[in-house]
Every structure is written in C-alpha cells, then in structure tokens.
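Here is the structure we will look at, set down as structure tokens.
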Amino acid sequence: MAELGTLESLPADYREAMTQANVAPLWPMMRNVLPHDAPRPVTKPCLWAIDRIRPLLLQAGELTPIEKAERRVLVLSDPGRGNGAMQATSVIYCGLQLLLPGETAPSHKHTPSAARIIVEGEGAYTIVEGEKCPMSRGDVILTPGGQRHDHGHDGKEPVIWLDALDLPLFVYLEGSYAVEGKLQAAANRPDASQVEYSEAGLLPVRPLGAPRPAYPLMRYPWARTRAALDRMASVAAPGEAVELAFVNPETGDSCLPTLGFTAMLLRAGETAMPPLRSASAVFHCVEGEGVSTVNGESFAWKAGDTFSTTVFAQLMHKAGGKQPARLIRIDDAPLQKKLAFYEERPRA
Ligand code: GTQ
C-alpha cells in the first residue's frame, strides 16, 4: 500500500495559504477517515456497575430537586471520548435516571427516540401520548421521537431506570431539540401491551385503509419477555443462542427506527461467542451474573450493571453461578441496516 504524504512534508507557506483559504489536504488524513478494511472505533468498552452509580444517583436526589433537573440522570460516559462524554457509543446514549416517590418529571417531546429499561423500584410510570405505562423491573418502554412523554411516581421507594436514546446521532445531525408541554392526563384504559398486543401473533383487526399506528406497542413487560426466553431456552440445543428481538408487532421492524433491542438468556456456565458485528452495542443485565470479554478485556457484571462494546468487537459472554443470566442488548444495527452497511463477520 502506498505511503501517503504527510502535512509536515508540505511547505509552510503552502499550509498557511490553505488555512487562509479554509481548505485542507485530504491525503494526510485519508487513513483517519477511511482506514483499511475495518473502522477504527473511538469508543472504548466500559462497565458501569450499578453499585458504584446508585449512591451517586441517590445523592443527586438530595442535591438537585426534580424542578432543577427536568430529568435527573447520570449519563454513562464513553471513556474513549474523554471526561463528561454524553454518549456510550457513537450512536447510543445511555443514562441512569432517578425518580423519587411523589415526583413528576415534566412533559416534553424531542426529535431523538428513547427507550427505558427499568432497573429497580415499583410504582413509577411513563405517560406517552396519553398512554400510561407502568414501570416494573426489566420492562422496556418506548418513547419514540416526537411523542410527548412525562414520568411520575406513586410508589414508596426510589425508582431507577436506564434510558437509551439515539441522541448522539441527532446531535451530530444538528437535529436535536425538545419542546416542553403540560403534564398529560392518562388515557382511561390500560396500555396496549395489556389490551391490544397481549399475545404474539394476534393483532387487532382494523377496517380496510385504517391507518396503522406507527408505534403500536409502547411497553414490553419483563414478565412476558422472561417467560418467552425461558420457553426458548427449554428447547434450544446446547450452544444455540437464546435471544429475542423487541419488534413493532404490526410490521416486524425494530421497535425504534435507529436502535435495536433484544433480550438474551445465557444458560449457567455456558459460553456464548457471537459473530463480529458492525453495530456498536450496550448490554444491560436484568437478572443473574456473568463475565464478558470484549477484545480480550474482561468485565464481570451482575443484575443492574451495564457495559458497552465497540464495532466489530470479539465478544464472549459467560453466565456465572447456578442460574441463567438474562440481559437486554441495545444496538445501532437498525440504523446501519437502513444505511445498507450492517455486517457480521465470523470470529477470528
Ligand atoms: O426521560 O425524557 O436520559 O429527555 C435524556 C433525555 C431522559 C427523558 C434522558 C430525556 C430523557
């Protein structure tokens, strides 16, 4: 492969003239923007242990009243992007949010899409365009871009959940903004996961030509997800992956436009070695414990912990203990598929 010319090899007056003209030579930067054969990720894999972050989050509850926070969140910061990075990977933002009993987080809508995975506590809820979604541990609740949402809490203990948004993408696109509004009244009926989409393979019949809701299902209750995983695990061959995707039940598409969510079960003591994927990902452990290696670096996790992986990472997961581990995987594969470059490669 040809050695490309460096910036330093160009005459100083030529470099100065380029700067004055607001131009830059591509060739010294060529391999930065187009590296050979595979991307060179900026993201560094990281483990965010709940035991470390929970006390800081509860302290935030004392230091900052909800009125002064709008959303009381500690963002999971990618160490590859330096202190205070507002993202976990290129596309994925994650934050741990705290709501205390009696609090409400004000209503707003924004261009990025979000999903929440409940980590602990009972009695909180999110209202999305009037649909009141109760929050229980492991539930996945969507707030798609442009849909008004506010959070409330009728329970007795602090509630913590993990937010996942495509916010970094929207910031990059100079497309990120929020619109504030009034707290919503809940619609006088249960959320669609309880009444319209309560069984896989059964959809509400609508008149011909009636519009299908873009986001028919806002809440994926953990009790259902967990039972489905366990049923799959009971028939899966040893070594066969037990993983289910959260999809739009009307279309089968990913539940959000850019981010994908799956639930995984790792049988106790079993090692899973997925292919190398072009998508970046964040894993959240809902139940159990285990160890994952990301390009040879080990992260020991347990329920409530979250960790990130980079694009094309060599991954290995192993559930520890005597119980299976159940995790939720968040990735940006739906965005990459829409851009027609999502790729999987066999492990080296
Ligand atoms: O709960 O609406 O972590 O708007 C970041 C932005 C949560 C939310 C975040 C948000 C929210």
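Since we're looking at a predicted model, the values are computed, not measured. Each ligand, and each atom within it, is numbered from 1 in the order the structure gives.
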request  = May I have all residue pairs that pass salt bridge (Lys or Arg N to Asp or Glu O under 4.0 Å) and include part of residues 105-129, sequence neighbours excluded?
outcome  = Arg54-Glu120, Arg116-Asp163
query = Which side chain to side chain donor-acceptor pair (under 3.5 Å) pairs, counting each pair once, include a residue from residues 169-189, with sequence neighbours left out?
reply = Asp150-Gln184
ask   = Taking everything shown except Glu70 itself, do over 12 heavy atoms lie less than 6.0 Å from its CD?
value = yes
Lys/Arg cation over aromatic Phe312: Arg345, 6.0 Å, 45° cone = yes
message = Suppose we screen for side-chain hydrogen bond (donor to acceptor under 3.5 Å, both in side chains). Which residues come up paired with Glu240, at least two apart in sequence or across chains?
response = none
key: Neighbour count >12 (heavy atoms, 6.0 Å) for atom CE, Met29   = no
Return a table of N or O atom pairs, ligand 1 on one side and protein on the other, at distances under 3.5 Å, rounded to 0.1 Å.
from	atom 1	to	atom 2	distance (Å)
ligand 1	1 (O)	Arg71	NE	2.8
ligand 1	1 (O)	Gln97	NE2	3.2
ligand 1	1 (O)	Arg116	NH1	3.2
ligand 1	1 (O)	His151	NE2	2.7
ligand 1	2 (O)	Arg71	NE	2.8
ligand 1	2 (O)	Arg71	NH2	3.4
ligand 1	2 (O)	His108	NE2	2.9
ligand 1	2 (O)	His149	NE2	2.8
ligand 1	3 (O)	Tyr93	OH	2.7
ligand 1	3 (O)	Asp163	OD2	2.8
ligand 1	4 (O)	His108	NE2	2.9
ligand 1	4 (O)	His110	NE2	3.0

